[in-house]
Amino acid sequence: MFETLILILDATLRVSTPLILAALAGLFSERSGIVDIGLEGKMLGGAFAAAAAAAVFGSAWIGLAFAILASVGLALIHGFACITHRGDHIVSGVAINTIVAGLTVTLGLDWFSQGGQTPALTGDARFTSIVFPFAEQIADVPVIGLIYSELLSGHNILVYMAFVFVPATYWIVFKTRFGLRLRAVGENPHAVDTAGISVALVRYRAVIICGILCGIAGAYLSTAHNAGFLKDMSAGKGYMALAALIFGKWRPVPVLFACLLFGFLDAVAVRLQGVALPGIGEVPVQAIEVLPYVLTVLLLAGFIGKAVGPKAIGKPYVKERA
Amino acid sequence: DIKPAVVYDQAGKFDKSFNEGVYNGITRFTKDTGIQVRESEPKNEAQVEQNLRRLAQRGYTPIVAVGFNMASAVSKVAKDFPDIQFSIIDGVIDQPNVQSIVFKEHQGSFLVGVLAAMNSKTDTVGFVGGMDIPLIRKFGCGYEQGVKYVTPNATVIQNMTGSTGAAFNDPTKGSELAKSQFSKGADVVFAAAGGTGIGVYQAAKDEGKLAIGVDSNQNHIQPGTMLTSMVKRVDRAAYKAFEDAQAGDWEPGLEVLGLSEGGVDWALDDYNKGLITADMKAKMEAVKASIVNGDIKVHDYMSDSTCNY
Amino acid sequence: MSQAKVPVWVNVGLIPLLNILLAFFVSGLVFLAIGQNPLEAAGYLVYGAFGYDAGIGYTLYYATNLIFTGLAVSIAFKAGLFNIGGEGQAYIGGLGVGLLCLWLDSSMPLIIIAPLAIIGGAVFGAAWAYIPAYLQARRGSHIVITTIMFNFIASSLMVYLMVNWLKEKGMMSPISRTFQESAWLPYLHDVFSPLGLDIGNSPLNLAFILALLGCVVYWGLVWHTRWGYQLRTVGTNPTAARYAGIDNAKVTIWVMLISGAFAGLVGVNEIMGVNHNLLLNFTAGYGFAGIAVALMGRNHPIGIILAAILFGALYQGGAELAFEIPSITPEIVVVIQGLVILFSGALENMFKGKIEGYFLRRAAA
Amino acid sequence: MSNQTPPYAIELEGISKRFGAVQANKDICLQVPKGSIHGIIGENGAGKSTLMSIIYGFYEADSGTISIDGEQVDIRNSQDAIKVGIGMVHQHFMLVENFTVLENIVLGAEGGAVLKHGLSAAREELKRLETEYRLDVDVDAVVEDLPVGLQQRVEILKALYRGAKILILDEPTGVLTPQEADHLFRILKSLKEQGVTVLLITHKLREILASTDNVSVMRQGEMVAHRETATTNKDELAELMVGKKVRLKVTKDTAQPTGTVLSAKDLSFFDSQGVERLKKVSFELKAGEILGIAGVSGNGQSELLNVLSGIAPLSSGEIQYAGQTITASAPKNAAQMRDLKMAHVPEDRHKMGLVTGFDAYEAAVLGYQNSEVYNGKVLMNRKAMLSECEQRMTDWDVRPPDPFLKTANFSGGNQQKIVIAREVEQNPEVLLIGQPTRGVDIGAIENIHEQIVKLRDAGKAILLVSVELDEIMALSDRIIVMFDGAVVGEVPADQADERTLGLMMANAWNEEKGAAEA
Ligand SMILES: Nc1ncnc2c1ncn2[C@@H]1O[C@H](COP(=O)(O)OP(=O)(O)OP(=O)(O)O)[C@@H](O)[C@H]1O
Ligand SMILES: Nc1ncnc2c1ncn2[C@@H]1O[C@H](COP(=O)(O)OP(=O)(O)OP(=O)(O)O)[C@@H](O)[C@H]1O
Ligand SMILES: [Mg+2]
Ligand SMILES: [Mg+2]
């Protein structure tokens, strides 16, 4: 039983990593007042760029760099529309998701002639597991051994990065000058502007950070968790991250736990396929799959607390009297 | 010369598996005969029928439709174009101008099950299916029989990836399912899951376990950890449809391809020969012979929708 | 003080046109990037969409879905609501249509089934929009997020129902049995052929007429009834609406019901008009494309019809293009669609300020 | 004033700024001596805020130059302005409400990439500033919990913390009681003594005369006059502002009130955050009288109007009107109140009274959209709406009289006329009217005031809410003062004076009375 639990948690870490990265990405963007339903598209774009570059250059790290470039590029388009031209954030996000969904397949087919997929990645073109020292040796020590060797050890570098980014995000958002300005610009951009700070610049920086994190999330999908790009491989994870962001009320640590919860549900769903639970019978997988979405709706409805976002979120900043 | 065409199913011709098998078959056909084959990859339901119809309109014949999903579209279009020859792989349509090609997947699956059992140290093996449909259960059931034939008290962990077409193209989930089976002790896993299999093979590679491919010979995908592949010779089926048409021998009706017809088999090549001992090879040949001559009867799940053998 | 005004044709004509041209221009760059001649591609696109009878039929068949989802997105827009849930509402609407057809096809004639199925699709679509609408109106839950969530929930629900309940025995894929012909909405080519008109075999069916009717209903409702007046007030100034004694929550809920109903009618076209059975994923992104249609159609029924036909043409032309040039995938159409959303939606202000400024200065001078 | 030659603290030369078709500033020149308090007055929309925003770098001028201490400077954004020592307290506060005072003050001047050190240094510096200028606030308080008076102090501290030598205040007293305003002016005086130059925008002539050294007048985007305060007077300034002679007094006879038409008893209202906005408000409104509600904005007046007009539901208490008893459990919505012949001119026409995207004829039926007059069986009767709108536009001299013009494209005064005409022409028994002349220039004010008095003389009951004490005192027959959601006093109009009302508005009437005697 304990072992099963550890293994499910182990899978949870793997599955929630892209959610954590994307949700933190969303946190930066939305804290600055820019709604981002384009997380999905940026992740997908990043995944494609990572796999394509890794396939060509044979290096996962180069893949990661390209993923970040691609995703930041998309983030800048979002910024250009929402910040510079005061466009509707949601429309812009939908546009980016749509463009990327089509463009990845189109370019993929043109470049690799494999029906829109990238070639399968092997060796250095993928991020591989890092085994902690002595993981083998202490694997048999009860409890600790399993936790250390199965749960903690043996993930790829991006997983560890995602978890390091959580306290880092907390520190940046709440303890630095940039964080202060970021939060201020999401609450009252006029105040920031009159304090002599460029609202646009702060927001652009926020969306760029968002792009970087989404790029890493995308690279994780195609060069770490999987070995290559597949059409639509983000499969709604961007929306799920958005849900986690709301669930975590735009705060890094609660957001982490929301992602872990969603990842856990996913891991459990995989293992519950066709399994009859005592007393309940066979739980339809679909019922577990929809849980994160249902939970988010319930949260939004105020049944499990109220989710109040940054005050100026989604509102184009116009230098005008109210 | 004939004017042949093929319509792949929505997974696309590079699924490394089923569709890609057909693709290999027609490439060979083109190489052998110099006749170009018109290919089409519809992206949604409406386009399947639209493309079939358009190919028929333009006089392409025979038209090979790949996959059970095409059945209803083929049956509609075939009705409207009685002069065009249609071959459908994995589907059965009873119409005067349609040839239905199906395989005895249970026999091939039995074979690889035998090999899996021989290679398992834990006496626990896994099966990852794609979409939960009778056809895939047929694979699983044959595999299980093969495993139990060698090790009667072996455990066969079976998982399906999902219940929609997407289940054939979800390597992430494939990898998670494989990892969960490994964690339950499995050390050989057979994936009958189209593109999802890629994730399964990757997971096996990452964890140093053995995997068995499906449809095409997939041994090259992860050399060293691909034990074998259960090949389903869709390539040969497509090739033969065109070849027969070329020779004027194309005939409508049901064609069932099993071990004896060379429709299914296990794959042995340079990529996996290091894993297969001479003993194993001999045993495999013996089992194969027994199936062909009827000494071993492999139960077909689809005959009664159960796996009681 | 001078009452400078920007001429109407600038706002409804010039600026949208510029935005779309820019979207097409960038699309052209994408074609160049994949080594295709954009003009040649455009040629295939146009021929495929309008070059022959059946092509036009397919174009209008796609347009039918897009008119429904465009109207759905648009009417919600009018009340200031962003309904991203068209996809899920269309899906569940189709379920409603399918269930009615499966239930009645052996006992009733078309003349009874058709109106019932239309109502069924609308009611199911509306019902799926009801919960997000209710939560928005009464509990302030952000409708964008809830409708996205409801898309996912609809998708899981459909899989569950299709796989466990509605799938025909012995079928591999989860599709229901095919309806009897009494539940088939007539194809337009079948309607026209007795009149001696041959319009080519295509899936275009009577649902297209229903879509046009929908546009008329939309127009009357929004601009010529007090309900529409209330709706537009809520959409542009909710505080003024409250001041005017309008129940914002009620309007929100009603408009979302209508929006969901419009989206649900996609089911009539797809399930009753074309597929003749219930299946998965028949919505194929029409709900999202409806956003582009509504934006491009400037939230006006005439505009929506034109935009839907344009997008329908892109779908059909794109399929033709991919059919003729196998190295192009029909997904390129999705790129074009996304670019249109980007340029005529998110970047609509890019030229607006400058052009309006120009005309204002000219008027002021 | 001395005849000393410049350098001036600020010198503006030919500043122009255009917003679309509106020329907000046109060739403005201005010289402000160092260490003086310089007033700027002008009607709403005259361009005062725009000019200040240009000095502060919030907007960029289309042309013209700015010199600080005799040196021409290039101010492209607020950062530049702060660098040359300009600070600004905006008409609407620029504070992040859920930040602490300290965080708000350091925003933009954090002193390092990591907050920790900057915050503690700022804490020290603020202690100094607070004692030096007697501007004490709790630096760890969250801004949204502070009363407006204190929020304004935070704004001033913010400017001083950045080392402002020139302080711009845009209508700082609009949200303050006269006493708070006096305190502000004392602060400004002490700033002046420290050598700070103050630019003060207000349209309260009394404040200009009481506290400035010089005053400049703007009209329709132009600077039309400069005066030394000591040499001018109210009437001259008013005339300069409007460009014609104005009567600052409303002429009206004494009221002849008859029976009570509306009585409110213990009205309470809690907002969505659960804050009690109205606290047991009771009063009676008689036919033929104008009842004025005075108070600093944000003390429950808006909520009172909302509750009376049915926009917001009562939390408790009851309203007797037109034979009906309205309570929390038996509410009436805005439409039902209209049916009972209660009209309402809301405080904010843009936010509430109009839909700026509608054509004028559509906006002219807002609230009455369900009336039979404007409707057929199914569809609305456009013809009736249009002809009525045209008629009213001529009657009320709305310019231009074009029913198809978008409401947004009418000027503030004309928008207000559309709203008032709509409400008055329904021939109501009770007219609730909030800030009737906000954003309306003095010429139009006269007209609106006349209409209100006319309605009263026709025997209707009028409830007038205004933050302009002058307006309240000029129009009302009876005055109620509200503070913090409660009625804190009632005064007959003829006994009201600014000081009394001001003290009541600060809820300091009783305390001050004692103190004044001591
Ligand atoms: N951001 C803007 N965009 C467009 N027009 C503007 C903008 N800001 C001001 N205006 C216009 O410029 C003119 C001057 O406005 P400004 O705010 O400077 O007036 P003001 O004298 O401060 O008035 P008030 O007393 O109401 O504060 C007005 O006609 C106003 O409508
Ligand atoms: N919110 C707004 N949106 C668009 N245009 C506006 C807006 N507010 C003001 N305007 C434009 O700015 C112009 C000036 O408005 P403003 O209220 O300052 O006029 P004004 O000169 O004060 O006139 P009045 O004497 O009637 O109040 C108007 O004619 C109008 O066209
Ligand atoms: Mg101002
Ligand atoms: Mg004005």
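Reminder, nothing fancy here: chain letters follow the sequence lines and each chain counts from 1.
- Among Thr194(A), Thr176(A), Asn188(A), the residue with the largest count of heavy-atom pairs under 4.5 Å with chain D is Thr194(A).
- Within a 6.0 Å radius of CZ in Phe257(A), no more than 12 heavy atoms belonging to other residues, nucleotides or ligands are found.
- Here CG of Leu115(D) is found 12.0 Å from CZ of Phe178(A). Values are rounded to the nearest 0.5 Å.
- Pairing each heavy atom of Leu107(D) with each of Ala195(A), the nearest pair is O-CB, 3.5 Å.
- Between chain A and the residues Gly111(D), Gly112(D), Ser53(D), the most heavy-atom pairs under 4.5 angstrom are made by Gly112(D).
- To the nearest 0.5 angstrom, Glu144(D) atom CD is 5.5 Å from Lys311(A) atom NZ.
- Put simply, of His90(D), Arg162(D), Lys158(D), Glu97(D), the one with the most heavy-atom pairs under 4.5 Å next to chain A is His90(D).
- Only the backbone of Leu95(D) comes within less than 4.5 Å of a heavy atom of chain A; no side-chain atom from C-beta onward does.
- For the options Ile172(A), Val192(A), Leu180(A), Asp193(A), heavy-atom pairs under 4.5 Å to chain D are most numerous at Leu180(A).
- Counting all heavy atoms, side chain and backbone alike, Ser78(D) lies closest to Gly196(A) at CB-CA, 3.6 Å.
- Here the closest non-hydrogen pair linking Lys175(A) and Val114(D) is O-CG1, 3.7 Å.
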